[in-house]
Chemist: 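Have a look at this one.
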Amino acid sequence: MRLTRYFLPVLKETPAEAQIVSHRLMLRAGMIKQSSAGIYSWLPLGYKVLKNIETIVHEEQQRAGHIPLLMPTLQSADLWRESGRYDDYGEEMLRIQDRHGRDMLYGPTNEELVTDIFRSHVSSYKDLPLTLYHIQWKFRDERRPRFGVMRGREFYMKDGYNFDLTKEDALHAYNRHLVSYLRTYERMGLQAIPMRADGGPIGGDYTHEFLVLAETGESEVFYDSAVTDLSFGDREIDYDDVAQCQGVLEEFTTKYARTDETHDEALFNEIPEERRRVARGIEVGQIFYFGTKYSDALGATVQGPDGKPVSVHMGSHGIGVSRLLGAIIEASHDENGIIWPEGVTPFHAGIVNLKQGDAEADAACEDLYAKMSAMGLEPLYDDRNERAGGKFATMDLIGLPWRITVGPRGLKNGVVELTSRKTGESEELAPDAALNKIAAIYGKQ
Ligand code: ATP
Ligand code: MG
């Protein structure tokens with residue numbers, strides 16, 4: 001993309017309404033525009049990152065054997081009356097009537113709808129296990145929408161639902177989700193720690209929230225600092241291997257890590273004092289096994305091996321796709337702007353032409369641009385007629401991990417400058433060597 005042809009409405013001033021850094025930077029970098037409280041338009045740069053995050057979530061869900069589908073945002077109230085949640089859900093649910101006076105709602109979540117699909121089409125245990133998921137807009141009329149996309153009213157969520165014959169199978173589905181979430185967040189350059197959460201009215205031990213540590217997080221968290229040493233890495237995993245998935249769950253959830261809802265002071269105090277941490281975190285996902293609550297309420301049974309009908313065991317598993325943009329920025333920025341992890345960056349590298357209009361510099365930039373595109377990489381070429389300082393400031397603000405700076409002086413010596421956004425370190429290299437280095441970083445060689 002050439003910047004002169006792009007739509008990147010960066011702001012010079014810091015928007016006064018934004019209280020936390022990720023919100024400020026998303027506005028300044030021209031990623032989002034508020035349309036009303038807690039509802040945003042996704043401008044091109046923000047939309048690109050949102051799509052990158054969505055792609056990672058899809059890939060990791062499907063790697064785990066989960067099946068994508070798409071359910072609507074508007075739902076009929078009838079199903080929610082069947083489950084009893086139409087009245088229970090309260091003011092967070094946006095209720096609408098259509099022209100015929102029928103009660104509709106903008107879905108805050110999809111347990112009822114997906115259970116209805118299941119009960120209409122699945123009748124035998126032989127069709128299990130089954131996990132369906134979608135990535136769709138949700139609406140919750142939050143009392144205090146704030147922090148930009150972090151706590152929106154309209155937000156983008158991946159929600160997945162497993163259907164299993166037995167509790168044991170459903171717990172394997174739970175473990176599979178935990179493992180796939182660890183991979184998902186790590187690919188985005190994030191450490192998200194599974195923490196024991198509150199099962200709510202249904203109770204039970206089977207719910208974990210994934211938290212990204214950040215001072216601006218809304219949740220208070222208590223943990224053993226040893227959990228921050230754990231990383232999933234690129235280990236091979238067989239998602240059908242029950243023992244292997246269980247092993248990963250144990251590895252990542254045995255050490256103390258809880259939100260304030262389940263915090264147990266006595267247990268916490270058993271951790272050696274120097275490892276006790278009280279901090280704040282951003283909830284970027286949650287997994288939940290809830291047994292037969294919805295299948296009982298909605299009559300989602302299958303014929304079991306003995307021919308008798310059994311209610312299926314279910315769980316639901318969410319990832320806050322749009323919130324993740326805020327969480328990633330909270331975890332990765334400096335005073336000059338965003339620092340995108342390579343896994344989600346909107347463009348792989350920026351090309352800065354120090355002297356637009358200089359025949360040699362222009363040609364070198366064009367050549368880099370063409371070669372990078374041919375490699376399957378997407379550069380953002382700042383081809384504006386601007387001073388170098390302004391170009392650098394824009395690149396730093398929007399946070400591309402790599403910048404290639406091209407100027408007449410360097411070209412005389414046959415070099416361009418390659419700069420890491422994260423470390424600020426630069427090196428002079430021949431243009432092709434710079435390209436090869438970037439290609440290698442993104443695995444394009
Ligand atoms: P919270 O406690 O933050 O209100 P929740 O526990 O009600 O969230 P879930 O039902 O677990 O949310 O939804 C799954 C994920 O969707 C959450 O882990 C979070 O990342 C994201 N999410 C929930 N509410 C919002 C919101 N208002 N804006 C953006 N993302 C949200
Ligand atoms: Mg939650």
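Below, each value reflects all heavy atoms present in this structure, side chains not excepted, and no hydrogens, waters or symmetry copies. Note that ligands are numbered from 1 as they come in the structure, with each ligand's atoms numbered from 1 the same way.
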Chemist: What side-chain donor-acceptor pairs closer than 3.5 Å can you find for residues 16-23, not counting sequence neighbours?
Modeler:
| residue | atom | partner | partner atom | Å |
| --- | --- | --- | --- | --- |
| Ser22 | OG | Glu330 | OE2 | 2.6 |
| His23 | ND1 | Gly148 | N | 3.4 |

Chemist: If you measure from OH on Tyr89 to CZ on Arg140, what distance do you get to the nearest 0.5 Å?
Modeler: 4.0 Å
Chemist: Distance-only, no hydrogens or angles: does the Arg403 side chain make a donor-acceptor pair with backbone N or O of Met395 under 3.5 Å?
Modeler: no
Chemist: What protein N/O/S atoms are there under 2.8 Å from the Mg ion (ligand 2), waters excluded?
Modeler: Glu283 OE2, Gln286 OE1
Chemist: Out of curiosity, Trp340 CH2 to Leu325 CG, how far, rounded to the nearest 0.5 Å?
Modeler: 5.0 Å
Chemist: In Å, rounded to the nearest 0.5 Å, how long is the span from CG of Asn110 to CG of Asp116?
Modeler: 11.5 Å
Chemist: Which donor-acceptor pairs under 3.5 Å do side chains of residues 183-195 form with protein atoms, sequence neighbours excluded?
Modeler:
| residue | atom | partner | partner atom | Å |
| --- | --- | --- | --- | --- |
| Arg183 | NE | Glu60 | OE1 | 2.9 |
| Thr184 | OG1 | Ser180 | O | 2.6 |
| Tyr185 | OH | Val284 | O | 2.9 |
| Glu186 | OE1 | Gly233 | N | 2.9 |
| Glu186 | OE2 | Phe232 | N | 2.5 |
| Arg187 | NH1 | Glu59 | OE1 | 2.9 |
| Arg187 | NH1 | Glu60 | OE2 | 2.8 |
| Arg187 | NH2 | Glu59 | OE1 | 2.7 |
| Gln191 | NE2 | Thr228 | O | 3.0 |
| Gln191 | NE2 | Leu230 | O | 3.4 |

Chemist: Does the side chain of Asp88 pick up a donor-acceptor pair with the side chain of Tyr86 at under 3.5 Å?
Modeler: no
Chemist: Assign the ring pair Tyr133 / His58 to parallel, tilted or perpendicular, where the plane angle (0 to 90°) is split at 30° and 60°.
Modeler: tilted
Chemist: Students often mix this up, so state it plainly: with edges at 30° and 60°, are the rings of Tyr289 and Tyr206 parallel, tilted or perpendicular?
Modeler: perpendicular
Chemist: As a test of reading the model: which residues have a non-hydrogen atom less than 4.0 Å away from ligand 1?
Modeler: Arg140, Glu142, Val149, Met150, Arg151, Gly152, Phe155, Met157, Glu283, Val284, Gly285, Gln286, Gly320, Arg323
